[in-house]
Visitor: 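Could you have a look at this structure, given as structure tokens, before my questions?
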Amino acid sequence: MAAADTAVAEETTTAGKGMVEGAAAGATPAKGTTTAGDPAVAWEAEAEPTVTEEATVDTAAEATAATAGTSTAGTTDAAQPPTATTGASRPTEATPTRAREEATTVAARSQAASEPALQVPPAEWPPRPAHARPPADEVDPADDTAAEIASALRRLRSAIAGSAYPLVLASAEDARQVSAALLAQLDDYLLPRLARLDAPLLVVVGGSTGAGKSTLVNSFVRVPVSPAGVLRPTTRTPVLVCNPADMQWFRRGDLLPGLTRTAEASADPRSLQIVAAPALAPGLAFLDAPDIDSVVDENRTLAAQLLAAADLWLFVTTASRYADAVPWELLQTARFRGTVTALVLDRVPPEAAEEVTAHLLEMLSIHGLGTAPLFVLPETEVDRHGLLPELVTAPLRAWFARIATDAATRAAVVRQTLDGALAALVPAVEGLAAAADEQVTTADALDDRVRAAYRAGRRTVAQGVQDGRLLRGEVLARWQEFIGTGELLRTLEARVGRMRDRIVAAFTGRPQPGRELRSAIEANLVTLLRGAAADAAEAAYTGWQAHPAGAALLEPSLGRPSPDLPERAERLVRDWQRGVLELIRQQAGHKRATARGAAYAVNATGLLVMIGVFASTAFIPTGAEVAVAGGTTVAAQKVLEAVFGDQAIRTLATRAREDLISRTDALLDAEAARYADRLIAAGITADPGKDLRDAAALVEYTRAKAELTGGTGLTLPGVSE
């Protein structure tokens, strides 16, 4: 830092080194006191007039009083009040002594009487580099737990990244945005900062469009490193300015790793221009961020990301824009995260300085930011390089110089912001957990609708199997033919009879009645299954369509059975019929009269068992439907009972029915799985809410254990010192 700046920082009086809070109306600087540095001069060789201690005190006091009457047109603001002047000085109407007294009065009014001020001890000289490790006897015990906090944060990051919000719900979009913001803050700031608590302090300069952020940064280093102008937005690519000794830390990319480092201005909004400025003290860097209310969405997103990576947020606004809604939303976010914040009220007309400052202080107090330092910069001219007069920015530069050169204050700022950011994770993650729970609850509700639809389909099949409806039509006709012609009794005779029937059928060209009955049973069963599947698919589709989350997952094919359902249903019935025959063979194999039972036709027995499955009596149907063949049925039943036994044949029918129901349930479950697959593909996990809460609880535990702030709040250097 230049010699004069150091003198101002260390030796000025209260009026000279305090925060300028709107000097008395009409006070203007004397001619010749607003000269700005020339950027053409090499930074290393930048020189300023040598002054004595007495001269420094008087000059600084006069400069403080002078700031109230000058105009700051670092950048042209479309919303600038008509009374603002941007090209000429106002006439002097007050003496330096009176101006100094009034400036001191206004500055003192802006600081609460009860607010304690941090007394910063003399800075270490030469200052320790920001990236240098402190001696062993100065290491804070909290450093020992930094690795533990980082481990907990990595677990939390994994939980956040693994939580999806694919279902269309009111909370989903907010949850996705919060997740992205938390992941960015973890990667951009928390994890890198925990890895290096002694890294340089990053001050992100943010604010509204045209507030003069770039002009202020340029004036700090006395060189136009960040573009400023009347076109909006001016700052499209963030610019980071730091001391050459700190360049390596920022070039490494640990902080804000998603931004590409560059040494020159770039049109790529995802790049970060890094500029070395010897005028800045080591341990402090300024990052000029895009406008928080930019008309370009990408700029607003980037501005929010950069603010989340700040150790200290310097918010810049103007007398005409300080009450805008967008800045206050971000100020509230900074307060919620615990980010250390300071404010600059720029371009304040002298006649409105006291009123505007008082109103802004009142708003800060209402929003819980009453202790945030406030710097008031009056309207003033800029030089031909677009820089503010050094005397205007001197109090602010001195304030930052004290923070930069004092390791204790710098560390306190970092730990305060870090602790606040960690504490803010718990409620933010709880919101994500609630949204994740809602996703799971909604997925379960959608799944229940599908299950209900296909449960109805299974009931339809079960009722159709038992209520006799399958014995009507073709099955009944073939059954009567099978019984009425004596086919049943003949097929229950020895193999010679079966062979005779085959020969007759071959010569006459007429199929065997038993085969026709089996085909009729198969056709009726397939029809029943297809109808149940179609009704279930339609009901499930309608159920999902009634819910926004379900409607977003639907596709037309889900409203009808799978294209291959008819083939699978036919295969199911054939497999079931073969299973019935296998049951009969197993049952016959357990009888003493195995040789005699083997002489009877297994196929005929199987048909009889199948008919029994479709009867409510669990055996051969009775009543009008089989009246024609009633006598023959009884005779056939007696034959089967003689071979297998009464209970055995009923057991066969029961087992055959259970096997059929089991197979049809599996078929319908496979159809219902098409809906479940949509939920699985969407990324709904078992219990993401619990994972998020557990990870957040671990972070909070390690944060409390670390005691980063030592249990006391941070008080920055005040304006009354």
Side-chain angles (χ1 to χ4, degrees), residues 39 43 72-77 188-189 200-243 246-247 250-251 255-256 258-281 284-294 296 298-318 321 327 330 334 339 341-344 346-347 375 377 382 385-388 393 396-397 400 404:
W43 292 338
T72 151
T75 55
T76 302
D77 192 338
D188 293 345
Y189 178 69
L201 183 73
L202 180 62
V203 179
V204 175
V205 183
S208 306
T209 301
K213 302 182 296 297
S214 300
T215 299
L216 190 62
V217 172
N218 294 338
S219 300
F220 280 158
V221 298
R222 308 311 303 161
V223 172
V225 294
S226 186
V230 297
L231 297 179
R232 297 288 176 260
T234 303
T235 303
R236 293 177 172 86
T237 300
V239 179
L240 190 149
V241 187
C242 64
N243 185 275
D246 298 330
M247 288 284 289
F250 293 108
R251 281 177 178 168
L255 196 73
L256 295 165
L259 300 182
T260 303
R261 270 53 175 175
T262 178
E264 298 178 354
S266 171
D268 182 7
R270 302 304 301 175
S271 64
L272 176 63
Q273 182 184 1
I274 302 178
V275 180
L280 291 180
L284 183 69
F286 288 92
L287 196 160
D288 185 13
D291 302 328
I292 59 176
D293 55 356
S294 172
V296 181
E298 194 173 32
N299 284 355
R300 293 198 306 272
T301 301
L302 180 58
Q305 178 184 358
L306 297 178
L307 291 173
D311 292 313
L312 188 153
W313 182 17
L314 181 62
F315 174 70
V316 183
T317 187
T318 65
R321 302 289 302 274
L330 288 179
T339 306
T341 306
L343 295 93
V344 173
D346 197 8
R347 255 183 249 137
F375 296 85
L377 302 185
V382 296
H385 300 292
L387 306 180
L388 296 171
T393 60
L396 187 57
R397 294 171 64 192
F400 275 115

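Nothing here was measured: the structure is a model prediction, and the numbers come from that model.
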Visitor: Using side-chain heavy atoms (C-beta onward) and a distance below 4.5 Å, is L388 in contact with V382?
Guide: yes
Visitor: What distance do T317 atom OG1 and L343 atom CG have between them, rounded to the nearest 0.5 Å?
Guide: 8.5 Å
Visitor: Quick one: does R347's side chain get under 4.5 Å of R321's, heavy atoms only?
Guide: no
Visitor: Apply side-chain contact (heavy atoms from CB on, under 4.5 Å) to residues V241 and V217 and explain how you reach the verdict.
Guide: CA-CA 8 Å; V241 187; V217 172; 4.0 Å; yes
Visitor: Could you report the tightest heavy-atom contact between T318 and G210, atom names first, then the distance?
Guide: CG2-O, 4.3 Å
Visitor: Decide yes or no on side-chain contact (heavy atoms from CB on, under 4.5 Å) for L302 and L259, but give the supporting numbers first.
Guide: CA-CA 10 Å; L302 180 58; L259 300 182; 4.1 Å; yes
Visitor: Are any of the side-chain heavy atoms of L216 and T393 separated by less than 4.5 Å?
Guide: yes
Visitor: Under the criterion side-chain contact (heavy atoms from CB on, under 4.5 Å), I'd like the reasoning laid out for N218 against V225: C-alpha separation, chi angles, the key distance, then a yes or no.
Guide: CA-CA 6 Å; N218 294 338; V225 294; 3.4 Å; yes
Visitor: How long is the span from the CZ atom in F286 to the OG atom in S214, to the nearest 0.5 Å?
Guide: 13.5 Å
Visitor: Show every donor-acceptor pair shorter than 3.5 Å between a side-chain atom in residues 269-280 and any protein atom, with sequence neighbours excluded, or say none if there are none.
Guide:
| residue | atom | partner | partner atom | Å |
| --- | --- | --- | --- | --- |
| R270 | NH1 | Q305 | OE1 | 3.2 |
| R270 | NH2 | Q305 | OE1 | 3.3 |
| S271 | OG | D268 | O | 2.7 |

Visitor: Less than 4.0 Å between a side-chain N and a carboxylate O, is that true for K213 and D346?
Guide: no
Visitor: Working to the nearest 0.5 angstrom, can you tell me the gap between L256 CG and D188 CG?
Guide: 4.5 Å
Visitor: Between atom OG1 of T339 and atom CG of L307, what is the distance when rounded to the nearest 0.5 Å?
Guide: 8.5 Å
Visitor: For the pair L287 and L306, evaluate side-chain contact (heavy atoms from CB on, under 4.5 Å) and give the outcome as yes or no after the intermediate values.
Guide: CA-CA 8 Å; L287 196 160; L306 297 178; 3.6 Å; yes
Visitor: What residues, two or more places apart in sequence or in another chain, satisfy side chain to side chain contact (heavy atoms under 4.5 Å, CB included) together with A285?
Guide: L202, L240, C242, F250
Visitor: Applying side chain to side chain donor-acceptor pair (under 3.5 Å), can you list everything that pairs with D311, at least two apart in sequence or on another chain?
Guide: Y189, R193
Visitor: What are the two closest non-hydrogen atoms of F315 and P327, and how far apart are they?
Guide: CZ-CB, 3.2 Å
Visitor: Would you please classify the geometry between the F400 ring and the F220 ring as parallel, tilted or perpendicular, with 30° and 60° separating the classes?
Guide: perpendicular
Visitor: For a quick test of reading the model, state the closest non-hydrogen atom pair linking G386 to T215 and the distance between them.
Guide: O-CG2, 3.4 Å
